[in-house]
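So the structure is just underneath, and the comments pick up after that.
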There are 2 protein chains.
Amino acid sequence: MGTTQLESVPEPKYWHLKTVLSEALDSEFSVGEILPNERDLAARFGVARATLRQALEQLELEGRLQRRRGVGTTVAPPRVGVAVGTEEQAWPGAAGDAWQPVDCAEAVPPAAVADALETGRDEPVHIVRRSRMSHGQPVAAELLYIPASSVPDLTAIDAPSGPARARAVLRELQHLDLEGQDRAVELGSARADDAKELDRLPGAPVLVVTSRFLAGGRTAALSVATYRADTCRLTFKESGGVEIDHGPERRAS
Amino acid sequence: MGTTQLESVPEPKYWHLKTVLSEALDSEFSVGEILPNERDLAARFGVARATLRQALEQLELEGRLQRRRGVGTTVAPPRVGVAVGTEEQAWPGAAGDAWQPVDCAEAVPPAAVADALETGRDEPVHIVRRSRMSHGQPVAAELLYIPASSVPDLTAIDAPSGPARARAVLRELQHLDLEGQDRAVELGSARADDAKELDRLPGAPVLVVTSRFLAGGRTAALSVATYRADTCRLTFKESGGVEIDHGPERRAS
DNA sequence: AAGTGGTCTAGACCACTAC
DNA sequence: TAGTGGTCTAGACCACTTC
C-alpha cells in the first residue's frame, strides 16, 4: 500500500482547497448548515472565485455539498441508499413498486432503444414516464419503453394518455411471463426534462440505470432510469443477504 | 411526455455548444480521431476557451471524448461493459475472477470500513490491492479489506507483503462459507493513488462499487472498487438472462 | 432590491507529451 | 522546443430566490 512514491507534484490549488474544505465540513459544520457565499469563501482562502468553485463542484459531485442558485451552498446529508436490484424478478408496476406513473404516450423511441427492443426504427412504442421519491425528494426519473406487441390486449377503452393510461399499460405488462432481466449502470448528465423533474440544472451528473425485461425470448420492455448522482447510492441486494443499514457512512477517504 | 412547457430559458452557450459538438462527433468524426485543439475550437465557435472547455468536460463525462494532456482530444470508443454482479456467489480470488492481485499490507482501515467490518477503529486488517483490466486498459482499482479473523489459518510462512501475500490471503478466504453479498454503487472522484492506477488525473469521476461479503453472520470482507466512469458501463446479470451484447449503442438521447 | 449561485470573457502560466 | 490540455486570475453580467 502506502509506498507509492509521492513524486514532487505541486498539488493544484483547488485540490488542496477541496481537502481543507472537506475537513472543515467534517469538523465545523452540521448537515443543512449554510456555508458563506462563494465570493467570501474565495476571498478568505485568497483564491479566485473560479478556483473556489472548482473545489465546490467536486465536493458537490461527491455528495458533500448542495448548491442552489439564489439560495446558497449547504452541507448535504449522507447519500440515501436506493434499492435497485430487488431480487424477486417482477415487472415494472408490480405491487410494492417504488415508482409512480406520471404519464404515457406513444412515440418513436431513440434508435438505440429501438435496436434493443428489436422494433423498427420508425415504429412507435408506448413510453411510460415514472418518477421515484425518497425521503420526500425526487431521486429518479424513468422512461419505460414498451413495444405494442408486449401489451396486445390493451383496450381502446383505456385513457389515451396520462397516468391512467400508464397504469393500464403496466397492468397489461403483468400478464407476460418474466424470464429474466438485465441491468447496466453508467454515468450520464441530465437532459433538460429529467433535470427539471429531479430539481437540478441540465447537465447535472446522473447515474443511468438501463434495465431490460425479457419475456418470450426477447426484450419485452426497456427502462432507462436516471438517478441523481449527488444524492443517491444505488444498492443491489443479492441472494442470501441479511438486511443492512449503511447509516451515515462516508466513503473510505 | 413532450408537453413540458419550454419556459423561454436562454440556453447557456456551453450547453448549445455541447449539442453541436455531439452531433458533429456522430456525423463527422470516427473513433480515435483527434479533434482540433481547444484554442482553435474556441475561436471557431466564437467563444472563450473556458466556455469551450465546459462543453468538452461534459462530453468527456458522458464518455464521448477522451482528453490527454500534452496530446490532444480524441473521440472515445463506446463504453465497455464490465460485469459486476456475477450471479454465482463467490469470494474474491475464486477461479475466473477478473481481478489481478497487486499488493497486500496490514493497516488500520478508514473508520467507515472498520464500522462495516465491526472491527475496532484501531484494529489493523489485511488490505489487498487489486486491479482490473479490460481491452488492455485499466478500468478499475480495488481495495479489499479483510479482518484477520476471516483468515485465521494464514501462516507466517507466506510472504509478508506483495502479490504473493495477496494470493495467500485470498486463498485462505475461500475456506469460509459465503452466505451472501451486498453491493452499492455511487459516484465519487478518484483519489491520487487510484487516479494513477487508472491513468487519469486525480479527481476524475469514478463509479465506486462497495461490496460486502457475508460469512458466519457478519461481514467477512469488504471491497471498495473504483471504476473509470468515463469508459465503463457496469453490467449486472440477473437470473434467467440470456447473453446480451449491447454493442456500440449510445445512451438514448 | 439585495444577495445567491451560474455563465462567460480574455488573458496568463504550468505540466506534460512528442518530436 | 513546440504544441497540447490543465490551472488560475479578476473581472462582468445573468437567472433565480428571498424579503
Side-chain angles (χ1 to χ4, degrees), chain A residues 6-19 21 33-61 64-76 189-190 192 195-196 199-205 230, chain B residues 6-19 21 33-61 64-76 189-190 192 195-196 199-205 230:
Chain A
L6 69 90
E7 74 246 63
S8 77
V9 273
E11 198 174 52
K13 275 190 187 177
Y14 78 90
W15 186 260
H16 181 241
L17 242 184
K18 181 191 140 182
T19 308
L21 284 169
E33 201 168 339
I34 306 178
L35 266 64
N37 72 54
E38 295 183 349
R39 291 162 179 86
D40 284 355
L41 275 180
R44 182 177 312 188
F45 287 107
V47 299
R49 192 179 155 216
T51 305
L52 186 268
R53 277 179 62 80
Q54 210 172 341
L56 293 184
E57 254 149 49
Q58 285 233 2
L59 289 170
E60 190 178 29
L61 197 82
R64 306 289 310 270
L65 293 179
Q66 192 153 355
R67 300 193 285 174
R68 274 176 305 176
R69 169 152 54 174
V71 180
T73 301
T74 57
V75 181
S189 49
K196 183 177 296 185
D199 194 25
R200 299 258 63 198
L201 289 177
D230 56 343
Chain B
L6 70 89
E7 76 246 62
S8 76
V9 274
E11 198 173 52
K13 275 190 189 178
Y14 78 90
W15 187 260
H16 182 240
L17 242 185
K18 181 190 139 183
T19 308
L21 284 169
E33 201 167 338
I34 307 179
L35 268 62
N37 72 55
E38 297 184 348
R39 290 161 180 86
D40 285 355
L41 274 180
R44 181 175 315 187
F45 287 106
V47 299
R49 192 179 154 217
T51 305
L52 186 266
R53 277 180 60 80
Q54 210 172 340
L56 294 184
E57 254 149 49
Q58 285 232 1
L59 289 170
E60 189 179 30
L61 197 83
R64 306 289 309 271
L65 293 179
Q66 193 153 356
R67 300 192 285 174
R68 274 176 305 176
R69 173 155 47 178
V71 179
T73 302
T74 57
V75 181
S189 48
K196 183 178 297 186
D199 193 26
R200 298 259 63 198
L201 290 178
D230 56 342

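In what follows, chains are A, B, ... by sequence order, proteins preceding strands, each numbered from 1. Values reported hereafter were calculated over all heavy atoms of this structure, with side chains retained and with hydrogens, waters and symmetry mates removed.
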Spatial distance of atom CG (A:Leu35) from atom CG (A:Asp40) [nearest 0.5 Å]: 11.0 Å
Donor-acceptor pair present, B:Arg39 side chain and D:dG5 base, under 3.5 Å: yes
Side-chain heavy-atom pair B:Ile34, B:Thr73 within 4.5 angstrom cut-off: no
A:Arg67 backbone acceptor or donor facing A:Glu60 side chain under 3.5 Å: yes
B:Trp15 CH2 to C:dC8 P, straight-line distance once rounded to whole Å: 12 Å
Between C1' of D:dG5 and CG of B:Asp40, the distance in whole Å: 13 Å
Please write out each protein N/O paired with an N/O of nucleotides 17-19 of chain D under 3.5 Å, distance rounded to 0.1 Å.
none

Of residues 45-56 of chain B, the positions that come close to DNA chain D - non-hydrogen atoms, cut-off under 4.0 Å: B:Arg49, B:Arg53
Non-hydrogen atoms of B:Ala55 and B:Tyr14 that approach each other most closely: CB-O, 3.6 Å
B:Arg67 side-chain N/O to D:dG6 phosphate OP1/OP2 under 4.0 Å: yes
Nearest-Å distance for atom pair CD1/C1', residues B:Ile34 and D:dG5: 13 Å
C:dG3 phosphate, OP1 or OP2, under 4.0 Å from A:Asn37 side-chain N/O: no
Length of the CG-C1' vector between A:Leu201 and D:dA15, whole Å: 10 Å
Whole-Å gap separating C1' (D:dG5) and OH (A:Tyr14): 12 Å
Nearest-0.5 Å distance, OG1 of residue A:Thr19 to CG of residue A:Leu59: 8.5 Å
Separation of atom CD in A:Glu38 from atom C1' in D:dA12, rounded to whole Å: 15 Å
Nearest-Å distance for atom pair CG/P, residues B:Leu35 and D:dG5: 9 Å
Lys/Arg N to Asp/Glu carboxylate O, A:Asp230 vs A:Arg200, below 4.0 Å: yes
B:Thr51 vs B:Phe45 side-chain heavy atoms within contact, under 4.5 Å: no
Results of side-chain contact (heavy atoms from CB on, under 4.5 Å) for B:Arg39 - residues two or more places apart only: B:Asn37, B:Arg49
Interatomic distance, A:Lys13 NZ vs D:dG6 P [rounded to whole Å]: 19 Å
Atom of A:Ser189, atom of B:Lys18 and distance for their closest heavy-atom approach: OG-NZ, 3.3 Å
Any A:Thr73 side-chain nitrogen or oxygen under 4.0 Å from OP1 or OP2 of C:dT4: no
